[in-house]
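The structure under discussion appears below in the form of structure tokens.
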Amino acid sequence: MRTALWVQGCSIRCKGCINPHLFSERGGTLMAPSQIIEGAVAAGDEGLTLLGGEPLDQIAAVTDLARLANDAGLGVICFTGYTLAGISASRSGENLLRHVDLLIDGPYVAGSPETERAMVGSSNQRFIHLTDRYGDYKPERTPDRVELRILPTGEITMAGFATTDRLGELANAVHARRSMTKPSAPSVEQ
């Protein structure tokens, strides 16, 4: 179990991104890094996953968050559209990387879809183990999954990767109507 934090704002804006509603810097919910980590620890989570938007667009706050996660014994996975070389070229990037266990780098490239590995959308994206914490994780051995949440109101939310055909099968199986929502993502207080 992990706490996932989708940050608001993305300067990269990959064409075909799964989260275009997070491109704008406006929106989301402002949260203190300590509040996020306290929530993860209270929930008994093993780690923290940083996604976006683009986490590195809020690098000072995300670095603070990753440091607090490490201090609390949580593992840190960070998804970014930037490459390791680009991140490592700056002092702030190096500071963040000291607190990340697994970096998934590279922009989403719509013309290069990933069909074998879990958690990434295009074949150029790399899994870079910066520590041994997740060294046993092999994305090519992990099938993509879809997470469904059934809320007390009866509303069903879904996250994950699935083909349009699979989504249609699921909708038909539960006799559902499809609707698109635009959830907001939290921003991290600096």
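- Here the straight-line distance linking atom CG of N70 with atom CZ of R133 works out to 8.0 Å at 0.5 Å rounding.
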Stepwise, does the salt bridge (Lys or Arg N to Asp or Glu O under 4.0 Å) test hold for D105 with R126? CA-CA 5 Å; D105 80 338; R126 302 180 302 168; 2.6 Å; yes
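- Separating the CG atom in N19 from the OH atom in Y108 is a distance of 11.5 Å, to the nearest 0.5 Å.
- Note that CG of L48 and CG of L65 are 5.0 Å apart. Values are rounded to the nearest 0.5 Å.
- Ion pairing between R91 and E94 fails under the 4.0 Å rule for side-chain N and carboxylate O.
- The two residues A66 and H99 make their nearest non-hydrogen contact at CB-CB, 3.6 Å.
- More than 12 heavy atoms of other residues, nucleotides or ligands sit less than 6.0 Å from atom CG of D71.
- Put simply, the side chain of Q35 never gets that close to the backbone of I37: no donor and acceptor are under 3.5 Å apart.
- The shortest distance between side-chain heavy atoms of C78 and L56 falls below 4.5 Å.
- Atom OG1 of residue T131 and atom CG of residue L103 lie 11.5 Å apart, to the nearest 0.5 angstrom.
- Formation of a donor-acceptor pair under 3.5 Å by the Q58 side chain with backbone atoms of A61 is not found in this model.
- A110 approaches P113 most closely through the heavy-atom pair O-CD, 3.7 Å.
- F127 places none of its side-chain heavy atoms less than 4.5 Å from the side chain of Y134.
- One finds the CD1 atom of I128 at 7.5 Å from the CD1 atom of I87 (value rounded to the nearest 0.5 Å).
- For the residue pair T3 and A40, the shortest heavy atom distance occurs at OG1-CB, 3.2 Å.
- Counting only N and O atoms by type, the side chains of E54 and S11 include no donor and acceptor under 3.5 Å apart.
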